[in-house]
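Here's the structure, in C-alpha cells; my notes come after.
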Amino acid sequence: MLVDFDIIREALPVLMKGLQMTVLVSVIGIPAGILAGGLFAYMGESRNRPARLLAKFYVELVRNIPFLIVIYLSYFGLPKLGLRLSAFHVALAATAFYTGGYFCEVMRAALHSVPRGQVQASRSLGMSAWTTQFHIVLPQLLSFLIPPTTSLVIMMFKDTAIFSVVTLPELTYQSNLLTSESFAYVEILGTAAVIYWLCSLVLDTAGQVLERRVTRWMRG
Amino acid sequence: MIDFLTVHGALSPFYAGVLGAAMVTILASTTAFFCGLALGACLMIVRVTCARPFGYLIRLYVSLMRGTPLLIQLLIAFYVIPSLLGLDFSPLQAGILALTCNTAAYISEILRAAYSTVSRGQAAAGRSLGMKPWTIWWHILLPQVFHRSLPPLTNEFTILLKGSSLLSIISVVELSTLARNVNLQSNLPLQVFIATAATYFVILFCASSISRFLERRIAEVLPNAR
C-alpha cells in the first residue's frame, strides 16, 4: 500500500489547527490589503503628483520584490528599527502590504473601465464627488472587479504558506513539523495539498457565484 | 548611504556572491519558464483540439497546480517525487521541475485566452489551402497566440522569478539563500534584505523592459499583426 491512511487520520487534527491559522491570517490580512489597495488606486488617479508617485512606487515594489524577501525584511529587519512584531503580526502586515499592491493595479484597471463622461455627467448634474463614486462608478466596477480579485485572493491565500519560514504555526508549518517527526512525506504533504486545493476551489466557486449575482443585480 | 549599505566590509560576502546567486535565480526561472511555455502550449493545444476526457484531465491538472501553494509543490517535488519514481534529484532539478509544472498550468490558461481571440477563419483558411494540422498550428495559430499573450506572459515570468526565491527552502543556493546566509553571519538584516530586494528589482525591471522592447519590435515588423 502506497498511502498509509492511519498517518493521515492522526495528522488531520494538527493540520486543521494549522488551517485555522492560515484562514485567520487570510481573513484579516487580505481584506485589509484590499482596503489599502483601493485607497492607493485613488491616490494613483489623483491630481496630487507626490500621491501619484507614491502609489506607483508602492505597486512597483510589490510587483518586483518576492514575498519571501518582504517577509524576511519585516520579520528580521523591523526589530533593528525598534519595531518588534510577532510572527502573527508580521504575517498580517505582509499579507496586507502585498495584497494591497496587487489590488491597487486591479482597481486602477477597473476605474479606467468606467468612461470619464459618466463622472463628468454626474458631477454636472450636481452630485458630490462621493455620491458620484458610490452611486455611479463603484456599482459599475463591481462585476469588473470580481474575477481578478478572486484570483488575487486565491493567490494570497496560497502565499500564506510562505509564513512557515518565520515559524507562524499555519498549515505548511504544521505539515513540515509532522514530516520531520514521521518522514511520511507522501501522506502529509499530499493531505496538506488537498486541503489547500479544496479551499481554493471554494474561493473560486464563491467568486463565480458572486459575479453571477452582481451581474443579475446590475441588470435589475 | 554607501556606509549604510556596506557597513565597513561586513556585507562583502553578499557582494562577492550576489552575481553568481543572481545567475542561479535567473537561470532556474528562465529554464522553468521556457519549459513551461512548451508544456503549456502543448496542454492548450490538446485541450482545444482533443476529445473530452483529455480536456477534463488537463482541467484537473490546471486546477491542482493553481489551487495549491508553490511551496507545497516544491516540497513534493523535492521529497515525494524522487522516492516515488526511484530517481535521484538535485535540489535545483527538483526546483526547476516544480516551477515548470506550476508555470505551465498558468501559461496554458494565458495561451487559451489568447487563442480564443484568434479568428476561426485563420485555421479554416489554412485547411482550405491544404495545410496539415501541425503546419497550421506552427505557422498560423501559435505565432498569433504568442504575440497576443506577450504582456500576460511577461507578468507570469515576473511571478515565476519571484516564486523562485522559494527554492531557498529546498536548499538551492540562489539569491534568497545567499541573503539568509549573509544575514546569519553578519546580523545586518536591514542592509542584507534591502540589497537583495534591490537585486530582484533590477532583474525584474530588466525583464519587463526586454518584453516591452519585444512588443514594440513585433509591432514594427508586423504592423498589421492585430
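Since the structure is predicted, the reported quantities are computational estimates derived from the model, not experimental observations. In what follows, every chain begins at residue 1, and chains take the letters A, B, ... in the order their sequences are listed.
- Under the 4.5 Å side-chain criterion, counting only non-hydrogen atoms from C-beta, A/L201 is in contact with B/S63.
- The CE atom of A/M155 sits 12.5 Å away from atom CZ of B/R66, with the distance rounded to the nearest 0.5 Å.
- Two residues are said to be in side-chain contact when any heavy atoms from C-beta on lie closer than 4.5 Å; A/K80 and B/L188 fail this criterion.
- Atom CG of A/L73 and atom CG of B/L190 lie 6.5 Å apart (nearest 0.5 Å).
- Looking at B/L64, both its backbone and its side chain come within 4.5 Å of chain A, counting heavy atoms on both sides.
- Rounding to the nearest 0.5 Å places OH of A/Y185 at 12.5 Å from CD1 of B/I76.
- The shortest heavy-atom contact between B/F201 and A/E60 is CE1-O, 3.6 Å.
- Atom OG1 of B/T158 sits about 5.5 Å away from atom CZ of A/R63, to the nearest 0.5 Å.
- Shown here for B/G67 and A/S200, the closest heavy-atom pair between the two residues is O-OG, 2.8 Å.
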Side-chain polar contacts of residues 137-154 of chain A - donor-acceptor pairs under 3.5 angstrom, sequence neighbours left out - could you list them?
from	atom 1	to	atom 2	distance (Å)
A/Q140	NE2	A/Q118	OE1	2.6
A/Q140	NE2	A/I136	O	2.9
A/T149	OG1	A/L145	O	2.6
A/T150	OG1	A/I146	O	2.7
A/S151	OG	A/P147	O	3.4
A/S151	OG	A/P148	O	3.1

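- Residue contact with chain A, scored on non-hydrogen atoms closer than 4.5 Å, involves the side chain of B/I159 exclusively.
- Counted within 6.0 Å of CZ on A/R213, heavy atoms from surrounding residues, nucleotides or ligands total 12 or fewer; the atom is thus considered open.
- Two residues are said to be in side-chain contact when any heavy atoms from C-beta on lie closer than 4.5 Å; A/F67 and B/K162 fail this criterion.
- Exactly one of B/S176, B/S168, B/S165 qualifies for a side chain to side chain contact (heavy atoms under 4.5 Å, CB included) with A/P66. That residue is B/S165.
- From A/L198, atom CG reaches atom OG1 of B/T68 across 11.0 Å, with rounding to the nearest 0.5 Å.
- Within the 4.5 Å cutoff, side-chain heavy atoms of A/N176 are placed close to those of B/L75.
- Inter-residue side-chain proximity for A/N64 and B/Y200 is flagged as unmet; no heavy-atom pair is nearer than 4.5 Å.
- Heavy atoms of B/N187 lying under 4.5 Å from chain A belong to its backbone as well as its side chain.
- The residue among B/I203, B/L71, B/T196, B/T199 with the most heavy atom pairs within less than 4.5 Å of chain A is B/L71.
- Taking CG from B/L167 and CG from A/L68, the interatomic distance works out to 10.5 Å, rounded to the nearest 0.5 Å.
- The shortest side-chain heavy-atom distance between A/T179 and B/Y79 does not fall under the 4.5 Å cut-off.
- Within the 4.5 angstrom heavy-atom criterion, only side-chain atoms of A/S164, from C-beta onward, approach chain B.
- A 6.0 Å sphere centred on CG of A/N48 holds more than 12 heavy atoms belonging to other residues, nucleotides or ligands.
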